[in-house]
Amino acid sequence: MADLLRLVYASKANFDSSGASGDQGEVLSEILTQCRRNNEPKNICGVLCYGDGSFFQCLEGERSAVEALYDRLLNDPRHRGITLLSKRVVPQRMFRQWSMKFMNVDAKIRRMLQIENLESFKPHSFSDLMVERLLVELRDASEKRRPAPIGTQGRGASARQAGAARELMPGLVFATAAGVLAIAFGLMLAGLI
Ligand code: FAD
């Protein structure tokens, strides 16, 4: 059986990361479209985390597919300073549900950084332990919004829309429940129930 490889690297974005120009959103969405189009047919999965102008990406899949993708990534002009943080054969995937889960550096990750005395997201300086801790944090966060496992996901635009709808579902359920409670409360106040 072919080796299952997990490769993790850090890089610096080559676009204006201040958010002022709008470049950031446009480039990130272009990259994610490529990830989702290319990774699933190659059975590659993983997570892409972005913050403070830096990327942290984990790629999982068959050795030849992951190595070929990493070679392409090394020549992508949208980022620079690509630094390999970890590359090893693993018994199983951490992100098998995601052709590429995208996460911004959030409050929880910022707390992890503070504990390590890091003021901003600088994955180039992460220790091996910090790499592993962040992977676990990203996996746990991604499992809270779990799509169908890779390979069982549909392909094409309708599948991507279904994925987006799944991500929006918890918000919709909450909004509906809040609406029902508000109506019931209103009826109680009016003495109707
Ligand atoms: P493209 O230039 O995207 O397209 C090549 C071919 O596909 C062309 O023939 C084109 O006509 C055709 N095509 C274009 N759009 C469509 C469409 N909508 N439907 C059908 N065909 C189309 N790339 C990944 O694949 N996976 C990753 O996980 C990944 N992660 C990245 C992370 C970072 C931080 C960065 C900066 C880049 C990442 N990339 C990733 C991009 C990667 O570096 C290459 O740019 C990308 O893999 C090239 O894809 P492509 O060969 O499909 O080229």
Side-chain angles (χ1 to χ4, degrees), residues 2-19 21-90 92-106 109 120-126 130-131 134-135 137-139 141-142 145-151 153-164 167:
D3 283 346
L4 176 63
L5 199 65
R6 178 176 306 135
L7 185 153
V8 186
Y9 74 87
S11 65
K12 286 229 148 255
N14 265 345
F15 49 78
D16 169 18
S17 57
S18 70
S21 64
D23 278 5
Q24 181 172 308
E26 205 173 300
V27 176
L28 287 176
S29 116
E30 195 181 276
I31 292 171
L32 284 176
T33 303
Q34 287 179 312
C35 290
R36 287 166 186 163
R37 189 178 69 233
N38 294 335
N39 292 358
E40 192 181 337
K42 297 194 175 101
N43 213 5
I44 291 176
C45 55
V47 65
L48 176 63
C49 181
Y50 173 78
D52 304 336
S54 289
F55 290 109
F56 172 95
Q57 190 175 27
C58 166
L59 304 167
E60 294 179 331
E62 277 191 13
R63 177 186 286 278
S64 57
V66 169
E67 286 178 341
L69 172 55
Y70 188 61
D71 282 347
R72 285 211 305 281
L73 283 161
L74 289 173
N75 295 310
D76 193 314
R78 292 168 291 186
H79 61 171
R80 63 183 188 281
I82 299 147
T83 305
L84 189 64
L85 298 176
S86 163
K87 180 179 174 183
R88 60 194 181 92
V89 173
V90 289
Q92 60 189 34
R93 297 172 191 244
M94 291 179 85
F95 300 95
R96 73 187 176 89
Q97 291 92 354
W98 299 97
S99 56
M100 191 49 60
K101 171 70 182 166
F102 177 75
M103 303 243 342
N104 274 305
V105 172
D106 62 6
I109 297 175
S120 58
F121 185 62
K122 290 188 182 133
H124 290 84
S125 62
F126 283 177
M130 184 66 186
V131 169
L134 182 57
L135 287 176
E137 168 57 32
L138 293 170
R139 183 206 51 204
S142 72
R145 296 187 196 153
R146 187 193 301 238
I150 197 165
Q153 292 166 344
R155 287 163 205 254
S158 59
R160 279 191 285 278
Q161 279 163 4
E167 295 217 18

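Order of appearance sets the numbers: ligands from 1, and atoms from 1 within every ligand. Computed over heavy atoms, backbone and side chain alike; hydrogens, waters and symmetry mates excluded.
Electrostatic pairing of Lys87 and Glu67 counts as a salt bridge here, judged by a charged N lying under 4.0 Å from a carboxylate O. Taking 4.0 Å as the cut-off between side-chain N and carboxylate O, Glu60 and Arg93 do not count as a salt-bridged pair.
Near Asn39, meaning under 4.0 Å from one of its heavy atoms, ligand 1 places the atoms 24 (C), 25 (O), 26 (N), 27 (C), 28 (O). Close approach of ligand 1 to Met100 is summarised as follows: ligand atoms under 4.0 Å from at least one heavy atom of the residue are 28 (O). Heavy-atom proximity to Leu73, at under 4.0 Å, picks out these atoms of ligand 1: 30 (N), 31 (C), 32 (C), 33 (C), 35 (C), 37 (C), 38 (C), 39 (N), 43 (O).
Taking the side chain as every heavy atom from C-beta outward, Met100 and Gln57 approach each other to under 4.5 Å. Using a 4.5 Å heavy-atom cutoff, the side chains of Val131 and Leu135 are in contact.
Between Tyr70 and Tyr9, the ring-plane angle classifies as tilted under the 30° and 60° cut-offs. Using cut-offs of 30° and 60° on the angle between ring planes, the pair Phe55 and Phe15 is perpendicular.
The heavy atom nearest to atom 52 (O) of ligand 1, out of those in Arg72, Gln34, Arg37, is found in Arg37. Counting heavy atoms only, Ile31 comes closest to atom 36 (C) of ligand 1 of the residues Leu28, Val27, Ile31.
Under the 4.0 angstrom criterion for non-hydrogen atoms, Tyr9 is in contact with ligand 1.
Checking only distances, Arg78 does come within under 3.5 Å of ligand 1, N or O to N or O.
Residue contacts with ligand 1 for Leu69 involve side-chain atoms from C-beta outward but no N, CA, C or O (heavy atoms, distance under 4.0 Å). Under 4.0 Å from ligand 1, not a single heavy atom of Thr33 appears.
Looking only at atom types and distance, the side chain of Asn14 has a donor-acceptor partner in the side chain of Arg80 under 3.5 Å away.
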